[in-house]
Amino acid sequence: MFWTSWFLAVLAIVLAWPVPILLSRAQWPARSPFTAMLLWQAIALAGGLSMIGAMLVYGLEPAGENLLAGLTSLAGMVLHNAPTTVLGFWHIFALSAAALLTAHLVFTLLLTYYKIQRQRRRHRELLALLASPSADGPKTMVLNLDSPVAYCLPGGARSVTVLSDGLMAALEPAELRAVLIHENAHLSQRHHLLLWAFAAWRQALPWLPTTRLAQEAVNSLIEMLADDVALKTESKATLIRAIAIVASGSPGAPGTPLALGEPDLADVEPDQPGAIGGTGSARTTASRVSRLLSPQPPLPEPLRAAVLAACLLLLAVPTALLIVPGFLG
């Protein structure tokens, strides 16, 4: 298991540093945002699995020839109070680090979910006081606000899209339809779940610069995916005008999602499944408008297939290294 642990460690380093940096600088994700989203998820999952797996395999190396045998031996030591002299200091340290990191990641994921749910509940309570139902849809609320604001608030059957009076006055009917389609796409495609996972990853490992790059990339990609849904029924010119109008709003103005009790991590920031104009991220807005003004052809099918194969390989390799030897041996 010695070489397995080192291979997993190298893979974890590669997926934690150079690969996300190169992907964040690449131009092709804008051509195939769904494929790029899958790749980011594969990188995050494979990186975490490799990081924990490397420490786990190294720590169990003296206890068995593979992970399954090592875990069985370790369970015997714990359950039967057997001596652990077979494990050296660094092996025990690696096992402790693997257990702590796993617990930290799971705890942060659950804590982030709790914070998001709490803030969404507060947000709904404030919307009940400050907003009124819209005639444009049963799950649309209107804020009495002059600034152009549009975002969605996920919540299963209680999901709503929030628009401001200022936005509705500034938009033409086709532009308003584009906004509503865009927001509904966030809800129907469950983009808030992706944001939850990547927000938790960043909270768990804030010292890792690539967690910030991944979160920013995912924020941008989900906006592009929602744009693509809106483009199925509305023209590019209509969508661009809608983005520009919403982006003209003043971030942080009284009554914006932030003032309504938005969580630091959550889902209603303007650059998250939320405002079509992306006022929370000028870079995201610029990239979306540039993509619409200068459309590029989708990623060629062979390249798309290669990226999908890379996603499967990223998930399969660390999993196979950890599990297969135990069943073959």
Side-chain angles (χ1 to χ4, degrees), residues 8 11-54 101-102 104-113 116 154 185-206 208-229 265-267 269 271-274 281 284 287-288 291 298-299 301 303-323:
L8 289 172
L11 182 61
I13 293 172
V14 170
L15 294 178
W17 194 262
V19 169
I21 290 177
L22 291 175
L23 182 57
S24 68
R25 296 174 180 175
Q27 300 298 317
W28 69 264
R31 298 168 60 186
S32 296
F34 180 76
T35 304
M37 182 74 75
L38 291 179
L39 183 56
W40 274 112
Q41 293 177 72
I43 289 171
L45 290 171
L49 184 61
S50 299
M51 190 184 306
I52 295 171
L101 179 58
T102 302
H104 176 60
L105 291 175
V106 173
F107 176 77
T108 304
L109 187 68
L110 296 176
L111 180 62
T112 304
Y113 178 79
I116 289 174
H186 284 313
L187 296 173
S188 63
Q189 295 182 8
R190 304 291 192 272
H191 290 162
H192 54 284
L193 297 180
L194 288 171
L195 294 173
W196 163 42
F198 280 90
W201 188 28
R202 184 175 181 181
Q203 286 293 309
L205 305 171
L208 193 63
T210 48
T211 60
R212 175 184 57 82
L213 294 176
Q215 189 180 29
E216 291 176 354
V218 168
N219 288 345
S220 181
L221 289 171
I222 63 171
E223 294 301 329
M224 292 178 185
L225 287 170
D227 286 344
D228 288 343
V229 175
L265 307 172
D267 317 271
E269 282 186 345
D271 59 337
Q272 301 205 12
S281 173
T284 296
S287 63
R288 291 167 60 203
R291 177 175 181 259
L299 204 63
E301 194 59 33
L303 290 179
R304 184 174 174 273
V307 175
L308 294 177
C311 294
L312 293 175
L313 196 62
L314 282 174
L315 296 175
V317 168
T319 303
L321 287 173
L322 291 170
I323 296 177

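Excluded from the calculations below are hydrogen atoms, water molecules and symmetry mates; all remaining heavy atoms, backbone and side chain alike, are included. Along the sequence shown, the residues carry numbers beginning at 1.
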Quick check: do [X] and [Y] have side-chain heavy atoms less than 4.5 Å from each other?
X    : Y    : value
P33  : E223 : no
L322 : L8   : yes
L15  : L314 : yes
W201 : L109 : no

### Task
Quick one: which residue pairs count as a side-chain hydrogen bond (donor to acceptor under 3.5 Å, both in side chains) with a foot in residues 36-54, not counting sequence neighbours?
none
### Query
By side-chain hydrogen bond (donor to acceptor under 3.5 Å, both in side chains), which residues pair with R212, not counting sequence neighbours?
E216
### Task
For the pair H191 and H186, name the ring-plane relationship: parallel under 30°, tilted 30 to 60°, perpendicular over 60°.
perpendicular
### Query
With sequence neighbours excluded, what pairs up with R291 under the salt bridge (charged side-chain N to carboxylate O under 4.0 Å, His left out) test?
D228
Residues that [X] engages under side chain to side chain contact (heavy atoms under 4.5 Å, CB included), provided they are two or more places apart:
X    : answer
T319 : L49, I323
F34  : L38, L225
A197 : none
L303 : L299, P300

### Pairs involving residues 303-314, ordered by first then second residue, that meet salt bridge (Lys or Arg N to Asp or Glu O under 4.0 Å) (sequence neighbours left out)
E301-R304
Listed pairs under 3.5 Å, donor-acceptor, residues 22-31 side chains, sequence neighbours left out:
residue	atom	partner	partner atom	Å
S24	OG	P20	O	3.3
S24	OG	I21	O	2.7
R31	NE	P297	O	2.8
R31	NH2	P297	O	3.4
R31	NH2	P298	O	3.4

#### Entry: Flag, side chain of H192 to backbone of L187, donor-acceptor distance under 3.5 Å
no
### Task
Give a yes or no on whether the backbone of A217 and the side-chain of S220 come within a donor-acceptor separation of less than 3.5 Å.
no
### Query
Are I52 and L105 close enough, and set up right, to give a side-chain contact (heavy atoms from CB on, under 4.5 Å), and what steps lead you there?
CA-CA 10 Å; I52 295 171; L105 291 175; 3.9 Å; yes
